[in-house]
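As the structure is a computational prediction, the values presented were derived from the model and not from experiment. Sequential numbering from 1 along the given sequence is applied to the chain's residues.
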Amino acid sequence: LKEALTNGVSTAVKLLGKEDGFLGNERVKIPLPKSLQKLESGLRFAGQGQAVDEFIASMNHAAEKAVPVAIDVFVDAIKKMTFDDARKILMSGEDDSATQFFRRTSEEKLRVKFRPIVEEWTAKTGVTNSYKNMIGKAGFAAQFLGKDATDLDGYVTQKALDGLFLLVADEEKKIRKDPLGQGSALIRKVFGILR
């Protein structure tokens, strides 16, 4: 089970932690915060489409930069997995029980690791940094935009986590559906018993 989970999380991290890993995948692509989506069509109509696209790209690239640190957190969670944890994952009957285990044991650790990387990347990106400065100058009025728009780094961090767990769940389902195609004889044996 540990081998299968390590393979699954490694695949998910590799898919997302590369150039356009988020931006090129519609299922995990990070859109503008909801409170800003209302402004998007107006900005595009006013000829600011390229700036909007650059802003969206910068958020997605920030998430791509953060994801690779997840592998160490996941491996640590796998190493600390108890026999009872493994039994629950294997016998739960749910397609995403291992992903739920990772959310429970790793999400906050991942958030702490992702956030500084996201902050650093968005600070380097001109369009995102300009947006943060604009929100900072808006003062009292900024509160009406909503938390997702005023805490951009928190928004991107959460979306990166959501995308990562979505792909981890996809990998888990693949392993459960086709254990024979998932590598070693041990993986085939463990998941083959459950079919």
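Annotation: side chain of R27 is in contact with side chain of L166 (closest heavy-atom distance under 4.5 Å). Contact of the F55 side chain with the L152 side chain is registered, since non-hydrogen atoms from C-beta on lie closer than 4.5 Å. Contact check for T105 versus K80: no side-chain heavy atoms found under the 4.5 Å cut-off. Between Y155 and M59, the closest side-chain pair of non-hydrogen atoms falls below 4.5 Å. By the 4.5 Å heavy-atom criterion applied to side chains, K14 and K18 are not counted as neighbours.
For the pair S58 and T125, the tightest heavy-atom approach, listed with the atom from each and the gap, is CB-CG2, 3.2 Å. In terms of heavy-atom proximity, V28 sits nearest to G163 at CG1-CA, 3.6 Å. The two residues S106 and V73 make their nearest non-hydrogen contact at CB-CG1, 3.8 Å. Scanning both residues, L16 and G21, for their nearest heavy atoms gives CD2-O, 3.5 Å. A98 approaches L5 most closely through the heavy-atom pair CB-CD2, 3.4 Å. Nearest heavy atom pair, residue I89 against residue R176, reads O-NH2, 2.9 Å.
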Practice problem: Using the side-chain contact (heavy atoms from CB on, under 4.5 Å) rule, take S10 and I71 through it: C-alpha gap first, then chi angles, then the decisive distance, then the call. | Solution: CA-CA 6 Å; S10 295; I71 197 68; 3.3 Å; yes
Self-check item: Intermediate values then yes/no, side-chain contact (heavy atoms from CB on, under 4.5 Å), L23 and E64
Solution: CA-CA 9 Å; L23 198 57; E64 292 159 10; 4.1 Å; yes
Practice problem: Please step through side-chain contact (heavy atoms from CB on, under 4.5 Å) for the pair W121 and V156, ending with a clear verdict. | Solution: CA-CA 11 Å; W121 182 259; V156 172; over 6 Å; no
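To the nearest 0.5 Å, atom CD of residue E172 and atom CG of residue L167 are 13.0 Å apart. Rounding to the nearest 0.5 Å gives a distance of 9.5 Å between CD of E107 and CG of L164. A distance of 10.5 Å separates OG1 in T99 from CD in E94, rounded to the nearest 0.5 Å. Note: D151 CG to T157 OG1 = 8.0 Å, rounded to the nearest 0.5 Å. Atom NZ of residue K159 and atom CZ of residue F114 lie 14.5 Å apart, to the nearest 0.5 angstrom. Of the inter-residue distances, the one linking I30 atom CD1 with I56 atom CD1 reads 10.5 Å to the nearest 0.5 angstrom.
Annotation: ring-ring contact (aromatic ring centres under 6.0 Å, His included) contacts involving residues 84-112, sequence neighbours excluded, comprise F74-F102.
A salt bridge between R87 and D84 is present, with a side-chain N of the basic residue lying under 4.0 Å from a carboxylate O of the acidic one. Between D96 and R103 there is no salt bridge, since none of the side-chain N atoms of the basic residue sits less than 4.0 Å from a carboxylate O of the acidic one. Ionic pairing of D170 and K174 is not present here: no N-O contact between side-chain nitrogen and carboxylate oxygen is shorter than 4.0 angstrom. Under the 4.0 Å criterion applied to side-chain N and carboxylate O atoms, K29 and D20 are not assigned as salt-bridge partners.
A donor-acceptor pair is defined here as one N or O able to donate and one able to accept, closer than 3.5 Å; no such pair exists between the side chain of D53 and the backbone of Q50.
Heavy atoms of other residues, nucleotides or ligands lying less than 6.0 angstrom from NZ of K2 number more than 12.
Between the side chains of S97 and S92, at least one donor N or O lies within less than 3.5 Å of an accepting N or O.
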